[in-house]
Amino acid sequence: MLQHIRLDPALCEDLRRELNADGWQIVHQDVGQTELVGYGYVIQWQKDGHKVVLHYADRQGQAEANLEVSKEVLPVIQAKIAELSA
């Protein structure tokens, strides 16, 4: 079961780099226009059978982001977010 986390959109790029550096493999990536005036992407990583999915959307300068995370790695991802937020 996946757990949901709201994420500060300003942390998305740093989190992407961290996950890639830690050996998480991108298994799906989709980017494009959302509605008529927005931009968004979805990236899915997997590692050791666990999943992290990042959803990002920017609509007219209003950005929002959230994660879906496998329950088993939730503490690891929360720790990464805390480090990036510091």
Side-chain angles (χ1 to χ4, degrees):
M1 172 146 248
L2 297 177
Q3 306 294 309
H4 295 269
I5 303 172
R6 286 202 142 231
L7 181 65
D8 179 348
L11 299 177
C12 289
E13 289 302 315
D14 290 337
L15 182 62
R16 287 173 62 177
R17 282 191 290 274
E18 286 289 319
L19 291 175
N20 291 335
D22 285 347
W24 286 84
Q25 299 297 311
I26 293 175
V27 295
H28 175 77
Q29 188 167 308
D30 190 19
V31 62
Q33 185 173 340
T34 61
E35 300 167 11
L36 294 177
V37 292
Y39 164 82
Y41 59 80
V42 175
I43 302 172
Q44 180 180 330
W45 291 268
Q46 286 187 351
K47 181 178 179 182
D48 300 329
H50 304 297
K51 183 179 353 180
V52 175
V53 183
L54 171 60
H55 299 270
Y56 174 89
D58 185 330
R59 293 177 188 92
Q60 295 183 333
Q62 297 285 2
E64 59 183 46
N66 64 68
L67 295 170
E68 296 177 74
V69 180
S70 295
K71 186 169 72 171
E72 298 81 5
V73 294
L74 183 62
V76 173
I77 299 302
Q78 288 175 321
K80 282 201 176 304
I81 292 168
E83 287 174 26
L84 295 171
S85 297

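Computed from heavy atoms alone, side chains included, the values below leave out hydrogens, waters and symmetry copies.
- Atom CG of Leu7 is separated from atom OH of Tyr56 by 10.5 Å, given to the nearest 0.5 angstrom.
- Under the 4.5 Å side-chain criterion, counting only non-hydrogen atoms from C-beta, Arg16 is in contact with Tyr41.
- Contact of the Asp58 side chain with the Pro9 side chain is not registered, since no non-hydrogen atoms from C-beta on lie closer than 4.5 Å.
- Gln46 contributes atom CD, which lies 12.0 Å from atom CD1 of Ile26 (distance to the nearest 0.5 angstrom).
- To the nearest 0.5 Å, atoms CD (Glu18) and CG (Leu11) are separated by 11.0 Å.
- The side-chain heavy atoms of Arg59 and Glu64, taken from C-beta on, include a pair separated by under 4.5 Å.
- Heavy atoms only, all atoms of each residue included: Lys80 and Leu19 are closest at CD-CD2, 4.4 Å.
- Proximity of Val52 to Ser70: side-chain heavy atoms (C-beta onward) are nowhere separated by under 4.5 Å.
- Annotation: side chain of Leu67 is in contact with side chain of Leu15 (closest heavy-atom distance under 4.5 Å).
- Side-chain contact between Lys51 and Gln44 is present, with heavy atoms from C-beta onward closer than 4.5 Å.
- There is a path of hydrophobic side-chain contacts, each under 4.5 Å, that joins Val31 to Ile43.
- Considering only heavy atoms from C-beta on, Asp8 stays 4.5 Å or farther from Leu84 through its side chain.
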Query raised in the report: Could you walk me through whether Asp22 and Trp45 pass the side chain to side chain contact (heavy atoms under 4.5 Å, CB included) check?
Result: CA-CA 11 Å; Asp22 285 347; Trp45 291 268; over 6 Å; no

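- Between Ala65 and Leu54, the shortest heavy-atom contact is CB-CD1, 4.5 Å.
- A distance of 12.5 Å separates CD1 of Ile81 from CZ of Arg6, quoted to the nearest 0.5 Å.
- Atom CE in Met1 sits 8.5 Å away from atom NZ in Lys71 (nearest 0.5 Å).
- Note: Gln3 CD to Glu72 CD = 9.0 Å, rounded to the nearest 0.5 Å.
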